[in-house]
Amino acid sequence: KLYRASGPMAAMEMGYKKTIDFIASTYITLKRLVSGLVSPKELMGPVGIVTVSYRIVSQEPLIYYIYFLGLISAAIAVFNFLPLPPLDGGLIVLLTIEKIKGSALSERTMEIVAYAGWALIGTFFLYVTFNDVVRSFFSS
């Protein structure tokens, strides 16, 4: 679909609305991922993003690449807000727990939570990257 704004203010409004759509789509995808409607094999990590970026840059006008970068930025923002300890959303959860509890969590508890979060994110990163490599280099 071709988007054309009548002026700079209309373009900013369109960009704002499209960003909201990207964020909503990312949350919908996460919901479908958790409910099993979307396979984790459909997700794309760094290798997949580079592969798709290359295809877009080599075959499409520059504006398509800028659009793609907006989509990636919105997805990263949503991912960063997930309630996992190494991410900003996890920090918000931990600060909320401390506020409710009335005192800081023990250092040992914070270490365990941080290591568990890093292990989860690292495992997810490796899984998605592995699928990217298989999809990019070994699929027809």
Side-chain angles (χ1 to χ4, degrees):
K1 182 176 176 183
L2 179 64
Y3 297 98
R4 188 172 306 275
S6 59
M9 293 304 289
M12 288 192 313
E13 182 180 344
M14 286 173 59
Y16 172 79
K17 288 179 180 177
K18 204 63 191 159
T19 302
I20 297 300
D21 289 345
F22 288 157
I23 291 170
S25 294
T26 304
Y27 277 114
I28 290 168
T29 300
L30 284 173
K31 180 181 176 186
R32 290 178 178 168
L33 184 66
V34 169
S35 66
L37 296 174
V38 172
S39 169
K41 292 186 177 192
E42 299 298 320
L43 299 177
M44 190 178 299
V47 174
I49 291 169
V50 169
T51 303
V52 171
S53 293
Y54 176 76
R55 283 189 205 138
I56 292 171
V57 168
S58 67
Q59 299 171 2
E60 303 292 340
L62 179 62
I63 195 69
Y64 285 83
Y65 185 61
I66 294 169
Y67 187 86
F68 179 68
L69 290 177
L71 173 65
I72 296 300
S73 295
I76 289 171
V78 169
F79 188 77
N80 191 42
F81 199 62
L82 292 176
L84 299 172
L87 305 174
D88 290 340
L91 178 61
I92 292 168
V93 169
L94 291 175
L95 291 173
T96 303
I97 290 170
E98 286 183 10
K99 181 70 175 173
I100 292 169
K101 184 179 171 213
S103 63
L105 296 172
S106 72
E107 194 170 317
R108 180 73 178 138
T109 302
M110 295 289 283
E111 286 176 6
I112 291 170
V113 168
Y115 287 134
W118 280 114
L120 183 64
I121 289 175
T123 302
F124 178 72
F125 177 80
L126 291 173
Y127 176 78
V128 171
T129 301
F130 174 78
N131 285 335
D132 284 347
V133 169
V134 169
R135 184 177 29 237
S136 297
F137 298 110
F138 300 108
S139 295
S140 53

Heavy atoms only: give me the nearest Ala114-Pro86 pair and the separation to one decimal. O-CG, 4.4 Å
Lys17 and Ile20, any side-chain heavy atoms less than 4.5 Å apart: no
To the nearest 0.5 Å, atom CG of Asn131 lies from atom CG of Leu126 at 11.0 Å
Separation between CG of Leu87 and CZ of Phe81, rounded to the nearest 0.5 Å: 11.0 Å
Tell me whether Ile76 is reachable from Ile56 by hopping between hydrophobic residues (I, L, V, M, F, W, Y) whose side-chain heavy atoms are closer than 4.5 Å. yes
Shortest non-hydrogen pair, Ala104 vs Lys101, comes out as O-NZ, 3.4 Å
Enter the distance from Tyr65:OH to Ile72:CD1 here, rounded to the nearest 0.5 Å. 9.0 Å
What's in the same ILVMFWY side-chain cluster as Met110, cut-off under 4.5 Å, chained through other members? Val93, Leu94, Ile97, Leu105, Val113
What's the shortest heavy-atom distance between Thr129 and Val47, and which atoms? CG2-CG2, 3.9 Å
Thinking salt bridges, do Arg108 and Glu111 make one under a 4.0 Å N-O criterion? yes
Answer yes or no: is there a donor N or O on one side and an acceptor on the other, between the side chain of Ser136 and the main chain of Val133, under 3.5 Å? no
Would a single hydrophobic cluster contain both Ile28 and Leu37, if residues Ile, Leu, Val, Met, Phe, Trp and Tyr are joined by side-chain heavy-atom contacts under 4.5 Å? no
Hydrophobic cluster membership, Val78 vs Val128, 4.5 Å side-chain cutoff: yes
For Leu120 and Leu84, the nearest pair of non-hydrogen atoms, with its separation, is CD2-CD2, 3.6 Å
Gap between atom OG1 of Thr109 and atom CD of Glu107 - 0.5 Å precision: 10.0 Å
About how many Å separate OH of Tyr27 and CG of Leu33, when rounded to the nearest 0.5 Å? 14.5 Å
If you group Ile, Leu, Val, Met, Phe, Trp and Tyr by side-chain heavy-atom gaps below 4.5 Å, do Ile23 and Leu82 land in one group? yes
Relative to the ring of Phe22, is the ring of Tyr67 parallel (under 30°), tilted (30 to 60°) or perpendicular (over 60°)? perpendicular
Tyr127 OH: over 12 foreign heavy atoms closer than 6.0 Å: yes
From Tyr64 OH over to Leu69 CG, what is the distance, rounded to the nearest 0.5 angstrom? 15.0 Å
Taking all non-hydrogen atoms of both residues into account, name the closest pair between Arg135 and Lys41 and its distance. NH1-O, 2.6 Å
Is it true that Met44 and Val38 fall in one hydrophobic cluster, defined by side-chain heavy atoms closer than 4.5 Å? no
Phe125 versus Pro46: any side-chain heavy-atom pair under 4.5 Å? yes
For Met14 and Arg4, the nearest pair of non-hydrogen atoms, with its separation, is CE-N, 3.8 Å
